[in-house]
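Written out below as structure tokens is the structure these notes cover.
Ligands are counted one by one from 1 in listed order, and the atoms in each one are counted from 1 as well. Atoms considered below: every heavy atom in the structure, side chains included; atoms not considered: hydrogens, waters and symmetry mates.
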Amino acid sequence: MSETVAIAADHGGFELKSILVPELRALGFSVLDLGTTNGGAVDYPDMAERLTAAMREGQAARGVLICGSGIGMSIAVNRHRELRGALVHDALTARLARQHNDANVLVLGGRLLGSELAKDCLKTFFTTPFEGGRHARRVAKLS
Ligand code: RB5
């Protein structure tokens, strides 16, 4: 059975979410799309809450959050001790978020990234393993 990845966005991330959902499927994941479903204004903490609740209930072990800048979603997801959201801007930060921080939520700025750059971040994030070792000790201290 394929791993489920949860995804949620506000209106600032809706367009990018619609581009990344098929990309996640192409990477072999089942997608739990928690909205938003159109470009109407919604509040990013409410959309983040949908995803964090789904992850805390065990519906998905990893997720993607998108708002206009990525900053609001990043603040929201990191209020939960067991979740590690990483706001990334390119493949390098996506790779480091996985290798060093074992990030389990990819956070993107929908108004800041072009679609090809965002796809690159997504693919890198979901295909890069955690390095463990000294990083595991540090990550454990977070939660
Ligand atoms: C919405 O206009 C915008 O503030 C939101 O998408 C996000 O960028 C907040 O951090």
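Here is the list of ligand 1 atoms found below 4.0 Å of a heavy atom in Gly72: 9 (C), 10 (O). Interface atoms of ligand 1 facing Gly68, defined by a heavy-atom separation under 4.0 Å, are 5 (C), 6 (O), 7 (C), 8 (O).
For atom 4 (O) of ligand 1, no protein heavy-atom neighbour is found at a distance under 4.0 Å.
Nearest non-hydrogen protein atom to atom 1 (C) of ligand 1 is His11 NE2, 3.6 Å. The protein heavy-atom contact nearest to atom 2 (O) of ligand 1 is Arg111 NH1, 3.2 Å.
The option with the heavy atom closest to atom 8 (O) of ligand 1, from among Ala41, Ser69, Ala9, Ser74, is Ser69.
By the 4.0 Å N-to-carboxylate-O rule, Arg98 lies close enough to Asp102 to be salt-bridged with it.
A heavy-atom distance below 4.5 Å is found between the side chains of Thr93 and Asp90. Residues Glu23 and Lys123 are not in side-chain contact: their nearest non-hydrogen atoms beyond the backbone lie 4.5 Å or more apart.
One hydrophobic cluster, built from ILVMFWY side chains closer than 4.5 Å, cannot hold both Val107 and Ile7; they sit in different ones.
With rounding to the nearest 0.5 angstrom, the CG atom of Leu113 is 13.0 Å from the NZ atom of Lys119.
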